[in-house]
Amino acid sequence: MVPENSSSVTEFILAGLTDQPGLHIPLFFLFLGFYVVTVVGNLGLIMLIGLNSHLHTPMYFFLFNLSLIDFCYSTVITPKMLMSFVSKKNIISYSGCMTQLFFFLFFVVSESFILSAMAYDRYVAICNPLVYMVTMSPQVCLLLLLGVYVMGFAGAMAHTACMVRLNFCANNLVNHYMCDILPLLERSCTSTRVNELVVFIVVGIDIGVPTVTIFISYALILSSILRIRSTEGRSKAFSTCSSHIIAVSLFFGSGAFMYLKPSSLLPMNQGKVSSLFYTIVVPMLNPIIYSLRNKDVKVALKKTLNKNSFS
């Protein structure tokens, strides 16, 4: 996808999560289990929403795309990570590394904006329920989704284009389990000032804009909930938002911790642990969070299982 530049490096060696051989096999099976749960959970949620017409609403339209994004970017990262536990040298070509970097960034940025679109959807549903179906019409939902993927593509292109202009040193050992921005910058022989500036600007936008959107949405939602007189009404409104709040906290917390701190304050080994949350754990937990805390999904699952059993 990305042409090789003038760098003398034609491949990278990914160091993986740990250099302790005794942990490799247990970690392989642990993360293989995580990946299986991620694939089954997200594809299951995608199929469930697709097969049940009563879930064809704006809320589940965005949840469908969240599950698709989670499945895709977990698949971009995890299989290569698993190889680092069972191979002596986990080698990835230069073009393969840049391709992984692009798609990882595309999906991770898209996730941050789909979460903000979901917050806006919850705001309209709770604060303006009478005009919900008009405000969140299919055309509006498609435009929001287009914006999500455009921002994902723009963010991925900005970082990847800056990365391919660099030359990399003969020491091609990348201290990470994937091709990520910061560990790749450590291997550069040329100045990375432009790249670091792009990281702070683009990551600031990709985390800042969705975070502000989500905070404003939930501030208005909270204000609206507090005006609801019945305890049952408040409880229902809080329940509607709780799954999304948990998903947002996990994703943005770990992402900000990794990218918006000076590298001197965050050693790369700690950065790898932080990366695990938004690359491995969050895609696995999202379908579980939305399934266990959502009555509509539980009802749809029971109906689908009963239908299959009857058949």
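Values reported hereafter were calculated over all heavy atoms of this structure, with side chains retained and with hydrogens, waters and symmetry mates removed.
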Between Met178 and Met81, is there a side-chain heavy-atom distance shorter than 4.5 Å? no
Check step by step if side-chain contact (heavy atoms from CB on, under 4.5 Å) holds for Ile13 and Ile92. CA-CA 6 Å; Ile13 300 170; Ile92 185 169; over 6 Å; no
Side-chain (Gln100) to main-chain (Val76) donor-acceptor, under 3.5 angstrom: yes
Has the side chain of Asn42 got a donor or acceptor atom that lies under 3.5 Å from a matching backbone atom of Asp70? no
Is there a path of hydrophobic side-chain contacts, each under 4.5 Å between heavy atoms of I, L, V, M, F, W or Y residues, that connects Leu43 with Phe62? yes
According to side chain to side chain donor-acceptor pair (under 3.5 Å), does anything in residues 24-38 pair up with another residue at least two apart or in another chain? List the pairs. Tyr35-Thr75
Could you tabulate the donor-acceptor pairs under 3.5 Å formed by side-chain atoms of residues 203-210, not counting sequence neighbours?
none

Sub-3.5 Å donor-acceptor pair from the side chain of His56 to the main-chain atoms of Ile49, do we have one? yes
Restricting to pairs with a member in residues 38-104, which pass disulfide bond (SG atoms under 2.5 Å apart), not counting sequence neighbours? Cys97-Cys179
What distance separates Phe104 CZ from Leu101 CG, expressed to the nearest 0.5 Å? 8.0 Å
Hey, does Leu45 have a side-chain heavy atom less than 4.5 Å from the side chain of Phe64? no
Step by step, work out the side-chain contact (heavy atoms from CB on, under 4.5 Å) result for Glu11 and Tyr94. CA-CA 5 Å; Glu11 62 185 23; Tyr94 175 87; over 6 Å; no
Euclidean distance, Thr10 OG1 relative to Asn172 CG, rounded to 0.5 Å: 8.0 Å
Look at the side chain of Thr135 and the backbone N and O of Tyr132, then say whether any donor-acceptor pair between them is shorter than 3.5 Å. no
Same apolar cluster: Ile201 and Val212, side chain cutoff 4.5 Å: yes
Not counting sequence neighbours, which residues clear disulfide (SG to SG under 2.5 Å) with Cys127? List them please. none
Checking Ser224 side chain against Ile221 main chain: does a donor-acceptor pair fall under 3.5 Å? no
Looking only at heavy atoms, which two atoms of Pro183 and Val174 are closest? And how far apart? CB-CG1, 3.8 Å
Testing the basics here: between Ile214 and Ala119, what is the closest heavy-atom pair and its distance to 0.1 Å? CG1-CB, 3.7 Å
So how far is it from Lys89 NZ to Ser84 OG, rounded to the nearest 0.5 Å? 15.0 Å
Can Val164 be reached from Val194 by stepping across I, L, V, M, F, W or Y side chains whose heavy atoms are under 4.5 Å apart? no
Atom pairs and distances, side-chain donor-acceptor, residues 147-155, under 3.5 Å, sequence neighbours left out:
from, atom 1, to, atom 2, distance (Å)
Tyr149, OH, Asn65, OD1, 3.0

Please check if any side-chain donor atom of Asn171 sits under 3.5 Å from a side-chain acceptor atom of Glu186, or the reverse. no
Atom CG in Leu14, atom OG in Ser87: separation rounded to 0.5 Å? 9.0 Å
Kindly write out the residues that satisfy ring-ring contact (aromatic ring centres under 6.0 Å, His included) with Phe12, not counting sequence neighbours, or none if the list is empty. Phe168
Between Phe106 and Phe103, does the ring centre distance come in under 6.0 Å? no
Identify the two heavy atoms, one from Glu111 and one from Ile69, that lie closest to each other, and give their separation to 0.1 Å. OE1-CG2, 3.8 Å
Common cluster, Leu130/Met136, ILVMFWY with side-chain heavy-atom separation under 4.5 Å: no
Just wondering, do Leu105 and Ile181 contact through their side chains at under 4.5 Å, heavy atoms? yes
Test item: Asn90 side-chain N/O and Lys80 main-chain N/O as donor-acceptor pair under 3.5 Å: yes
Scanning both residues in full, the closest heavy-atom pair of Tyr123 with Asn128 reads OH-ND2, 3.6 Å
Atom of Pro58, atom of Cys141 and distance for their closest heavy-atom approach: CB-SG, 3.7 Å
CA sep, side-chain torsions, deciding dist, call: Thr279, Tyr177, side-chain contact (heavy atoms from CB on, under 4.5 Å): CA-CA 11 Å; Thr279 58; Tyr177 56 82; 2.8 Å; yes
Could you state the interatomic distance from CG (Leu23) to OG1 (Thr18), rounded to the nearest 0.5 Å? 5.0 Å
Any side-chain heavy-atom pair of Leu32 and Phe85 under 4.5 Å: no
Got Leu184 and Met98 here, is their nearest side-chain heavy-atom distance under 4.5 Å? yes
Is there a path of hydrophobic side-chain contacts, each under 4.5 Å between heavy atoms, that joins Val202 and Val108? no
Thr99 and Thr160, any side-chain heavy atoms less than 4.5 Å apart: no
Can you tell me if Asn52 uses its side chain to pair, donor with acceptor, with the backbone of Leu48 under 3.5 Å? yes
Leu146 versus Leu142: any side-chain heavy-atom pair under 4.5 Å? no
Spatial distance of atom CG (Leu68) from atom CD1 (Ile114) [nearest 0.5 Å]: 9.5 Å
Assess whether side-chain contact (heavy atoms from CB on, under 4.5 Å) is satisfied between Phe31 and Ile280, documenting all intermediate values. CA-CA 8 Å; Phe31 288 108; Ile280 309 293; 3.8 Å; yes
Verify whether one side chain among Arg165 and Asn195 offers a donor that lies under 3.5 Å from an acceptor in the other. yes
